[in-house]
Amino acid sequence: MFKNRCRQIHHGVFLEIHFCTSNKGKFSEAEKILNKYGVNIIHAPLTLEERRSESVEEIAEGCALRAYSILRKPLFVEDSGLFVPALNGFPGAYSAWVLGKIGNEGILRLLSGAKGRSAEFRCAIAFTEGKEVRLFTGSVRGRVSESIRGNGGFGYDPVFIPEGGEKTFAEAPSLKDSLSHRAGALQKFGEYLSTKVK
Ligand code: ITT
């Protein structure tokens, strides 16, 4: 079924894949990028239990298989997190939980007086049609700002400044669209989907 849908791209019809996520911000970023590759994504707002791991790849892989057991359709999930070396990689795989508990204010508090403010966003997309799981990863380096700035984006965007810049992702959403961890992984995923139809 998936292959038939892929072939339809040649006749101007979009390929459709479900994106299982509870995060609307992730969904709209993915939609913008994958549309450029002729892929139409359908939002499946599932909240999937995540396995305990430090690795976004492992978490995404487990979630993809769990989601497939529910949906039984070609789908992808995405796990991401903010890794801060001065905090030994925290919040990392616990990013969603930490944001809910202490917010960006809490991250700034944890870093007051820290030796460095460097940080990295990592993202892993896991795609499955039921059997194997394919992974596509992306990352972006930068630093945690001194204050919360900007209204765009979501999550940690108001405190993350990408390398070489001065504005947070929340202050420069179009910059985020081109160089974020998610953009990197989505571009690789889009390329893969394009080659599948050739
Ligand atoms: P899922 O249903 O897709 O799991 P989630 O929001 O729980 O949605 P994760 O488990 O991957 O997502 O947790 C990632 C956390 O890191 C979450 O709090 C996000 O808000 C945050 N995050 C991820 N990508 C981000 C980005 O591009 N900008 C800012 N914060 C981000």
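Counting convention: from 1, in listed order, for ligands and their atoms alike. Predicted, not measured: the structure shown is a model, and the values here were computed from it. When a residue number appears, it is its place in the shown sequence, counting from 1.
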- [ ] Could you tell me whether the side chain of Thr128 reaches within less than 4.5 Å of the side chain of Pro74, counting heavy atoms only?
- [x] no
Task: Heavy-atom side-chain proximity of Phe154 to Asn23 below 4.5 angstrom - done: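 Counting from C-beta outward, Phe154 and Asn23 do come under 4.5 Å.
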Which protein heavy atom lies closest to [atom], and at what distance to 0.1 Å?
atom                    : answer
atom 3 (O) of ligand 1  : Thr21 OG1, 2.6 Å
atom 14 (C) of ligand 1 : Ser80 O, 3.1 Å
atom 31 (C) of ligand 1 : Phe154 CE1, 3.6 Å
atom 16 (O) of ligand 1 : Ser95 CB, 3.5 Å
atom 6 (O) of ligand 1  : Asn23 ND2, 2.9 Å
atom 11 (O) of ligand 1 : Lys26 NZ, 2.8 Å
atom 18 (O) of ligand 1 : Ala96 CA, 3.1 Å
atom 26 (C) of ligand 1 : Lys176 NZ, 3.3 Å

TODO: Find all atoms of ligand 1 within a distance of less than 4.0 Å from any non-hydrogen atom belonging to Leu99, and give their numbers and elements.
DONE: 18 (O), 20 (O)
Open item on the list: Within ligand 1, which atoms have a heavy atom of Arg182 less than 4.0 Å away?
Closed with: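 Atoms satisfying the 4.0 Å criterion: 23 (C), 24 (N), 25 (C), 26 (C), 27 (O).
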Task: Phe27 and His43 aromatic ring geometry - parallel, tilted or perpendicular at 30°/60° bounds - done: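 Parallel, since the angle between the ring planes stays under 30°.
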- [ ] For the pair Phe121 and Phe160, name the ring-plane relationship: parallel under 30°, tilted 30 to 60°, perpendicular over 60°.
- [x] tilted
- [ ] Over all heavy atoms of both residues, which pair between Ser147 and Leu108 is shortest? Give the atoms and the distance, please.
- [x] CA-CD1, 3.7 Å
TODO: Of all the heavy-atom pairs spanning Leu186 and Ala30, show the shortest one and how long it is.
DONE: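 Distance-wise, the nearest heavy atoms are CD1-CA, 3.5 Å.
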- [ ] Work out whether the distance between some heavy atom of Asp157 and some atom of ligand 1 is less than 4.0 Å.
- [x]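 So Asp157 counts as touching ligand 1.
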Task: ligand 1 versus Phe169: contacting region, heavy-atom distance under 4.0 Å - done: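 No part of Phe169 is near ligand 1 at this cut-off.
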Task: Part of Asp79 with heavy atoms under 4.0 Å of ligand 1, whether side chain, backbone, both or neither - done: both
Task: N/O separation below 3.5 Å, Tyr156 to ligand 1 - done: yes
TODO: Decide yes or no on ring pair (Phe, Tyr, Trp, His ring centres under 6.0 Å) for Phe189 and Phe76, but give the supporting numbers first.
DONE: CA-CA 10 Å; Phe189 184 36; Phe76 69 100; 5.0 Å; yes
